[in-house]
Structures are given as C-alpha cells and as structure tokens.
Amino acid sequence: MNADVAHPDPQARPVKLAPSLLSCDFTRMADDLQAIGDADWAHVDVMDGAFVPNISFGLPILAAARRASPLFMDVHLMIEAPERYLKDFAAAGADGLTVHVESTPHIHRAVQMIKELGKKAGVTLNPGTPLEAIKPVLADVDLVLIMSVNPGFGGQKFIPQSLDRIRTVRHWLDDLGSPAELQVDGGVTPQNARAVVHAGASCLVAGSAVFGADGPRAGLERFREALK
C-alpha cells in the first residue's frame, strides 16, 4: 500500500442499499419492486446450476423486473462462460453486469465486453479465491463485489474473515484513486452493516434481511437506522 495516499473516512462515504430480488415474493415481484422503490439498486442474482449448485432465474425475470421498476438493475452473473450471455442480459435490462474471475479464463475480455455494451462492469470472486485474482482488472472496473458467503444460496451467515478482504480491496481502490463501488453480498444484516461499511464497503446487498415477514419497506428502514 502507498503510505502517501490519504484514505477517506469510511463514515463519510455514501452507502448504497441493493435489495436482492432472489428473496422477493415472485408471485408479487412488481409489488415488491415498488416497495423497494426508494432503495438505490435492485440486485439480480443469476445462477446456472453449474458454476454454483443452484438455479435461480434468467433473462425473462430480469426483463420483467426492468419493466416493473426504474431502479438500477445490478446483475450478478454466477454462470460459466458469462461472455456468451452479456449481450442478452444487457438487452434484457441490466444496468450493471458483474462476472466472477473463476467463471472465465478471459476476465479482461469479459470486462471490456460489458463496457462496450455501455454497462457498468463489475468483478467478483468466491470467498476461497485469493484477492490477487482481481488485480489485473481492478483499474478497469466500476464495481468490485466481495462475496461474504459462498455463492449459490440465500440466507447464509456472513463469513467474518470477509471484513479483512473488504479492508484490503478498499485500500487497493483508494491507492488507485478508483471511484469503483465496493459491494458486499452475503449475510449482510442491520446488525453487521456498520462493521461492513466501516471496513470500506460502499454498497450493501441484502436479501432475506430486507424481504422479511414485515415487508421490504420495514427491512430497508432497519438498514437505514443501523447506518445512522
């Protein structure tokens, strides 16, 4: 780390909230999207049953969400060879596309393809993958996603060691002078949100902690109260 670089106060950094549609009620997705209308982004988890051991949803659901909401559609592709589908997801309504370094041997090409489509480009990696794997594209991306659970299923508990990974990437981004969002996804709750932000996150993804029994409006409000 460059000791001459001044790192911003984490408490002064704006924090985006990105509810994960994986936890919404799909029988009333349009209503749930309206209920989270004052969130910053909607997070869309796409799983193929190959890269991760679960299948979620794909292009038709994203297109339906796009028709139902003006929110920034933040699409996380947990799929093998994502280059095959970047154009399709962009056409279906994605505003940002995030790809895994483990999912393709051509991560730089994938990032450039996303940018050529006019979308925000994100990169992410699994909790067991060394952080150095994202360094070759760190200066090129608009978003870095730190997975704080092993991807594939909602409702998992936050991996505590993720805080150190967030701190490390925050220093890397600050040293580069990068405006990229540092997003965290997996087990984020109102109880640990402040610690995650203090470690350097600027965007929090939350599914079950937002779409609870009392509805997503109440879930979002709990996060806002926790971050005050």
Side-chain angles (χ1 to χ4, degrees), residues 1 10 15-23 41 43-56 74-82 96-108 110-111 114 120-138 140-176 178 180-210 223:
M1 185 181 75
V15 179
K16 291 181 172 66
L17 294 176
S20 172
L21 298 187
L22 190 64
S23 296
W41 292 358
H43 188 78
V44 182
D45 287 307
V46 178
M47 307 178 194
D48 64 359
F51 180 69
V52 292
N54 196 14
I55 298 173
S56 59
D74 172 40
V75 179
H76 175 195
L77 296 177
M78 288 170 270
I79 64 176
E80 292 185 348
L97 289 160
T98 297
V99 293
H100 276 258
V101 294
E102 306 93 347
S103 69
T104 173
H106 307 293
I107 189 64
H108 186 271
V111 167
I114 296 168
K120 298 291 187 183
V123 67
T124 186
L125 70 177
N126 295 333
T129 301
L131 288 175
E132 285 71 17
I134 64 172
K135 271 198 163 182
V137 293
L138 200 62
D140 301 316
V141 297
D142 304 293
L143 178 146
V144 178
L145 167 56
I146 298 296
M147 291 301 301
S148 42
V149 298
N150 287 291
F153 298 93
Q156 299 183 67
K157 290 186 177 180
F158 184 89
I159 298 172
Q161 293 84 351
S162 303
L163 291 174
D164 288 336
R165 288 166 69 86
I166 298 164
R167 291 185 192 100
T168 296
V169 176
R170 168 49 59 197
H171 283 300
W172 288 352
L173 291 172
D174 289 349
D175 285 349
L176 285 171
S178 171
E181 297 285 352
L182 180 48
Q183 186 178 72
V184 179
D185 181 7
V188 178
T189 67
Q191 289 70 41
N192 61 23
R194 284 183 66 86
V196 173
V197 170
H198 188 76
S202 63
C203 181
L204 305 182
V205 176
S208 54
V210 170
F223 273 93

Asks: V169 versus I134: any side-chain heavy-atom pair under 4.5 Å?
Replies: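 Yes; the side chains approach each other to less than 4.5 Å.
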Asks: Within a strict 4.5 Å, meaning less than it, do heavy atoms of the T98 and L77 side chains meet?
Replies: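 Heavy-atom side-chain distance check fails, nothing below 4.5 Å.
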Asks: Is the backbone of N126 close enough, under 3.5 Å, to the side chain of E102 for a donor and an acceptor to pair up by distance?
Replies: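 Pair found, side chain donor or acceptor close to backbone of N126.
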Asks: For a 4.5 angstrom cut-off between non-hydrogen side-chain atoms, does H100 reach P151?
Replies: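 Side-chain contact under 4.5 Å: yes.
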Asks: Show the nearest heavy-atom pair for residues V99 and A110, with the distance to one decimal.
Replies: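 For V99 and A110, the tightest heavy-atom pair comes out as CG2-CB, 4.3 Å.
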Asks: Less than 4.5 Å apart, any side-chain heavy atom of S202 and any of R170?
Replies: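 SC-SC contact between S202 and R170 confirmed.
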Asks: Locate the shortest heavy-atom distance separating V149 from I159; write the atom from each residue and the value.
Replies: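 Nearest heavy atoms, V149 then I159: CA-CD1, 3.8 Å.
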Asks: What is the distance from atom CG of L17 to atom CH2 of W41, rounded to the nearest 0.5 Å?
Replies: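 Between atom CG of L17 and atom CH2 of W41 there are 11.5 Å.
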Asks: Among V141, L143, D142, L145, exactly one meets side-chain contact (heavy atoms from CB on, under 4.5 Å) together with V123. Which residue is that?
Replies: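 Passing option: V141.
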Asks: With the side chain counted from C-beta on, respond yes when V15 and F223 share a heavy-atom pair under 4.5 Å apart, and no when they do not.
Replies: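 V15 vs F223: side chains apart.
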Asks: Is there a side-chain contact between V205 and V188 in this structure, where contact means two heavy atoms from C-beta onward sitting under 4.5 Å apart?
Replies: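 A side-chain contact under 4.5 Å is absent here.
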Asks: Write down the atom of Q156, the atom of N150, and the distance for their closest heavy-atom approach.
Replies: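 Heavy atoms only, the tightest pair is NE2-O, 2.7 Å.
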Asks: In the structure I gave you, are the side-chain heavy atoms of M78 and D48 within less than 4.5 Å of one another anywhere?
Replies: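 No; the side chains remain at least 4.5 Å from each other.
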Asks: Is the side chain of S178 donor-acceptor paired with the backbone N or O of L173 at a distance under 3.5 Å, no angle test?
Replies: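 Not at all, since once roles are kept as given, no pair shorter than 3.5 Å links the two residues.
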Asks: Is there side-chain contact between V210 and S23, with heavy atoms separated by less than 4.5 Å?
Replies: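 Result no, sub-4.5 Å side-chain heavy-atom pair not found.
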Asks: Please list all pairs passing the salt bridge (Lys or Arg N to Asp or Glu O under 4.0 Å) test where one or both residues lie in residues 159-168, with sequence neighbours left out.
Replies: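 Those involving residues 159-168 are D164-R167.
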Asks: Any chance you could measure D74, atom CG, to H43, atom NE2, to the nearest 0.5 Å?
Replies: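 If I round to the nearest 0.5 Å, the distance is 5.5 Å.
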Asks: To the nearest 0.5 Å, tell me how far L204 CG sits from Q183 CD.
Replies: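 So the gap between those two atoms works out to 8.5 Å.
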Asks: Please enumerate all residues that pass side-chain contact (heavy atoms from CB on, under 4.5 Å) together with P53, with sequence neighbours excluded.
Replies: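 For P53, the residues satisfying side-chain contact (heavy atoms from CB on, under 4.5 Å) (neighbours in sequence not counted) are F153.
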Asks: For the residue pair V184 and S148, what are the closest heavy atoms and their distance?
Replies: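 V184 and S148 have their closest heavy atoms at CG1-OG, 3.5 Å.
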Asks: Which pair of non-hydrogen atoms, one from H76 and one from D45, has the smallest distance, and what is that distance?
Replies: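 Heavy-atom minimum between the residues: ND1-OD1, 3.2 Å.
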Asks: Tell me every residue that passes side-chain contact (heavy atoms from CB on, under 4.5 Å) with E132, counting only those two or more places apart in sequence or in another chain.
Replies: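 So E132 forms a side-chain contact (heavy atoms from CB on, under 4.5 Å) with P130, W172.
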Asks: Give the minimum heavy-atom separation between G187 and N192, together with the two atoms involved.
Replies: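 Here G187 and N192 meet closest at O-ND2, 3.0 Å.
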